[in-house]
J.: 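Please find one structure pasted underneath; my questions will follow.
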Amino acid sequence: MITSGYSFIAFIVCFAAGVFFVEEKLKLKTKFFEFIPPLVIIYFGVMLMSTFDFWSLSIDGEKTGAGIARAGVKGAILPSMIFLMLLKCDLRHIIKLGPKMLLAFFSATMSIVIGFIVTFIIFKDMLAANSWQAFGALSGSWIGGTQNMVAVQQALNLDDVGMGYTLLIDSIDYSIWIMLLLFFVGSSKLILAFNKFNKADTRIVEELSQRLAKIDDKVSKEVTFLDLFGTLAFALGAGALCVWIAQYLPQTTFLNNTTWSILLVTIMGIVGGMSPLSKVPGTKQLSNIFLYIMIGLIASSANFAELTEAPVYIIAGACILAIHAAIMLVIAKIFKLDLFTCCVASVANIGGVASAPVIAGAYNDSLVPVGVLMGMLGAIVGTGMGLLVAKILFMLV
């Protein structure tokens, strides 16, 4: 069992690199990676190894070296990754996605609220008496992120046992949902089939991708030592600076250190994208490395073994997500939404500001700003929606 921070990070990096090495060697000989994208293999593989205790992130409630390293590296990589990916974005094109993304986001929000209400009606007789509080706190997390869950928990005075059930559902069902979304946005055939079925207008996304491809063609293909070293320095420096500034800014239930730092690094990335930094070779390669490591770190705390704990709550969480997915499919068909828009809107609610850029970047690194903005919106509305859901569930008891 790995408890050393260095060994843990080294293992995650080696595993992620190994998956892409195998893909590079076998992609011309097999169609396997067309159906199972490398990012899904990384996520599922790390989650499986976590289940079999390849490492321990905490012992008796105290973080091990691996747990400390995971938190530190994850906190450093996220803002740096966003900064690098934003260097390639074109804000003028991103703005054009605004109305469609807002429609998708609030559709996802309402479908999640409906999912909570319907699921509670079905399962309430099989759950604890205070399950309305646990589900209220969970709805705060699934509409904007963990910080909203904590705010709703405090507002409802949810006890530790109920909070345990909330964290269990959030850990297992969220982890599986993220893995599914990575599969969706990583499968080109599934994306084409979904968009064709919905008759989705993907011109803006396609135009943005083509424009970025032309920009990449103009940039030197050879990445020099200075390019790579300088890009790494700028990325880590920008992330560290934003994290440092964030601790001095006002803190609220939805504007905490993480949210502030991501907001600041987003602004820096957009400004950098309009400077000569956008033409430096190596930013795309380095940002993708950060993305793959980030996926591994997110999955490293998930555990399939938890499926046997309080199975009714796990099934209830899956039911909420199933209702959410079904409603989103109908809305996507009616309003001709594309798969990317639906996936990012979903994870902006269920994962929040820390996860939405990851899904957006897995689809196209130029669309990370969409994930950041949607995640920020979720952080803003999540606490209020969570309390609203709790009130409705209390009336149904």
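What you see is a predicted model; the values in this text were computed from it and never measured.
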J.: Could you pull out the closest heavy-atom pair between Pro79 and Gly239, with the gap in Å?
T.: CB-CA, 3.9 Å
J.: Looking only at non-hydrogen atoms, find the nearest pair between Asn198 and Leu337 and report the distance.
T.: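 So the two residues come closest at ND2-O, 3.5 Å.
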J.: Looking at Thr166 and Ala137, would you say the former's side chain and the latter's main chain have a donor-acceptor pair under 3.5 Å?
T.: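 Judged by distance alone, no pair lies under 3.5 Å.
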J.: With distance as the sole test, does Asn349 use its side chain to make a donor-acceptor pair with the main-chain N or O of Ile112 at under 3.5 Å?
T.: no
J.: Could you walk me through whether Ile12 and Val73 satisfy the side chain to side chain contact (heavy atoms under 4.5 Å, CB included) test, starting with their C-alpha distance in whole Å, then the side-chain angles of each, then the deciding distance to 0.1 Å, before giving a yes or no?
T.: CA-CA 11 Å; Ile12 295 295; Val73 174; over 6 Å; no
J.: Not counting sequence neighbours, which residues clear side chain to side chain contact (heavy atoms under 4.5 Å, CB included) with Met328? List them please.
T.: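 Only Ser107, Ala108, Ser111, His324, Cys342 meet the side chain to side chain contact (heavy atoms under 4.5 Å, CB included) criterion with Met328.
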J.: Would you say that Phe123 contacts Ser131 through its side chain, given a criterion of any heavy-atom pair below 4.5 Å between the two side chains?
T.: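 No - every pair of side-chain heavy atoms lies 4.5 Å or more apart.
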J.: Does Phe234, at its CZ atom, have more than 12 non-hydrogen atoms belonging to other residues, nucleotides or ligands within less than 6.0 Å?
T.: no
J.: Kindly indicate whether the side chain of Leu264, heavy atoms from C-beta on, has any atom under 4.5 Å from the side chain of Leu249.
T.: yes
J.: For the residue pair Phe11 and Phe54, categorise the inter-ring angle as parallel (less than 30°), tilted (30 to 60°) or perpendicular (more than 60°).
T.: tilted
J.: Does Thr64 reach the main-chain N or O of Ser56 with its side chain, forming a donor-acceptor pair under 3.5 Å?
T.: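 It does hold such a pair.
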J.: Taking the side chain as C-beta and beyond, is there a heavy-atom pair between Met81 and Val358 under 4.5 Å?
T.: yes
J.: Work out which heavy atom in Trp177 is nearest to a heavy atom in Ser346; give both atom names and the distance.
T.: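 That closest heavy-atom pairing would be NE1-OG, 3.0 Å.
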J.: Looking only at heavy atoms, what is the nearest atom pair of Phe290 and Ile77, with distance?
T.: O-CG2, 3.5 Å
J.: Is it possible for you to say whether Met101 and Phe106 belong to one hydrophobic cluster, with membership spreading through side-chain heavy-atom contacts below 4.5 Å?
T.: yes
J.: With a 4.5 Å heavy-atom cut-off, do Ile392 and Phe116 have their side chains touching?
T.: no
J.: Rounded to the nearest 0.5 Å, how far does CG of Asp53 lie from CD1 of Ile2?
T.: 11.5 Å
J.: Measure the shortest side-chain to side-chain distance between Ile117 and Val389 over non-hydrogen atoms and say whether it is less than 4.5 angstrom.
T.: no
J.: How are the rings of Trp244 and Tyr248 set relative to one another: parallel (under 30°), tilted (30 to 60°) or perpendicular (over 60°)?
T.: perpendicular
J.: Verify the cluster assignment for Ile323 and Val113: are they in a single hydrophobic cluster under the rule of side-chain heavy atoms below 4.5 Å apart?
T.: yes
J.: What's the shortest heavy-atom distance between Ile359 and Ile178, and which atoms?
T.: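 Shortest heavy-atom contact: CD1-O, 4.3 Å.
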J.: To the closest 0.5 Å, what do you measure between CG (Leu182) and CD1 (Ile42)?
T.: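 Rounded to the nearest 0.5 Å, the CG-CD1 separation comes out at 9.5 Å.
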J.: Verify side-chain hydrogen bond (donor to acceptor under 3.5 Å, both in side chains) between Trp142 and Asp173, making sure each step is shown before the conclusion.
T.: CA-CA 11 Å; Trp142 283 7; Asp173 291 306; over 6 Å; no
J.: When rounded to the nearest 0.5 angstrom, what is the spacing between CD1 in Ile320 and CD1 in Ile114?
T.: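 It comes to 12.5 Å.
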J.: Go through the steps for Trp55 and Ser7 under the test side-chain hydrogen bond (donor to acceptor under 3.5 Å, both in side chains), then give the verdict.
T.: CA-CA 9 Å; Trp55 49 78; Ser7 299; over 6 Å; no
J.: For atom CD of Glu62, is the number of surrounding heavy atoms from other residues, nucleotides or ligands below 6.0 Å larger than 12?
T.: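 Atom CD in Glu62 is not packed in, count stays at 12 or less.
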J.: Nearest 0.5 Å, please: how far is CD1 in Ile9 from NZ in Lys74?
T.: 11.5 Å
J.: Hey, what's the ring geometry for Trp132 with Phe394, parallel, tilted or perpendicular (30° and 60° as the breaks)?
T.: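 Tilted.
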J.: A side-chain contact here means heavy atoms from C-beta on lying under 4.5 Å apart; do Tyr363 and Cys343 qualify?
T.: no
J.: Find out if a path of hydrophobic residues (ILVMFWY) with successive side-chain heavy-atom gaps under 4.5 Å connects Ile122 to Leu396.
T.: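 Yes, Ile122 and Leu396 fall within the same hydrophobic cluster.
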J.: Output yes when a side-chain donor or acceptor of Thr119 lies under 3.5 Å from a complementary backbone atom of Gly115, and no otherwise.
T.: yes
J.: I need the minimum non-hydrogen distance between Tyr174 and Asp170, along with the two atoms involved.
T.: CB-O, 2.6 Å
J.: Can you list the steps and then say if Met385 with Ser139 is a side chain to side chain contact (heavy atoms under 4.5 Å, CB included)?
T.: CA-CA 8 Å; Met385 292 302 297; Ser139 67; over 6 Å; no
J.: Do the side chains of Val312 and Leu127 get nearer than 4.5 Å, heavy atoms only?
T.: yes
J.: So for atom NZ, which belongs to Lys124, do other residues, nucleotides or ligands contribute more than 12 heavy atoms lying within a distance under 6.0 Å?
T.: yes
J.: Report yes if the side chains of Leu57 and Thr3 come closer than 4.5 Å at any heavy-atom pair, otherwise no.
T.: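 No, every pair of side-chain atoms sits at 4.5 Å or beyond.
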J.: Look up atom CG in Leu48 and atom OH in Tyr43, then write down how far apart they are to the nearest 0.5 Å.
T.: 13.0 Å
J.: Is Asn130 reaching over with its side chain to a backbone N or O of Gln133, donor-acceptor style, under 3.5 angstrom?
T.: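 Not a single qualifying donor-acceptor pair exists.
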J.: Within a radius of less than 6.0 Å around NZ of Lys333, do more than 12 heavy atoms belonging to other residues, nucleotides or ligands occur?
T.: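 Yes - once you tally the heavy atoms of other residues, nucleotides and ligands closer than 6.0 Å, there are more than 12.
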J.: Any donor-acceptor pair under 3.5 Å linking the side chain of Ser261 with the backbone of Ala246?
T.: no
J.: Before you tell me yes or no, could you show the steps for Ile295 and Tyr292 under side chain to side chain contact (heavy atoms under 4.5 Å, CB included), namely the whole-Å CA-CA distance, both residues' side-chain angles and the distance that decides it to 0.1 Å?
T.: CA-CA 5 Å; Ile295 293 295; Tyr292 306 145; 5.6 Å; no
J.: Can you tell me how far the CE atom of Met294 sits from the OG atom of Ser80, to the nearest 0.5 Å?
T.: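 It is 10.5 Å, given to the nearest 0.5 Å.
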J.: Quick one: do Val344 and Leu102 end up in the same hydrophobic cluster if we chain Ile, Leu, Val, Met, Phe, Trp and Tyr together by side-chain heavy atoms under 4.5 Å apart?
T.: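 Val344 clusters together with Leu102.
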J.: If hydrophobic clusters are built from ILVMFWY residues whose side chains come within less than 4.5 Å, do Ile68 and Leu297 share one?
T.: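 Ile68 does not cluster with Leu297.
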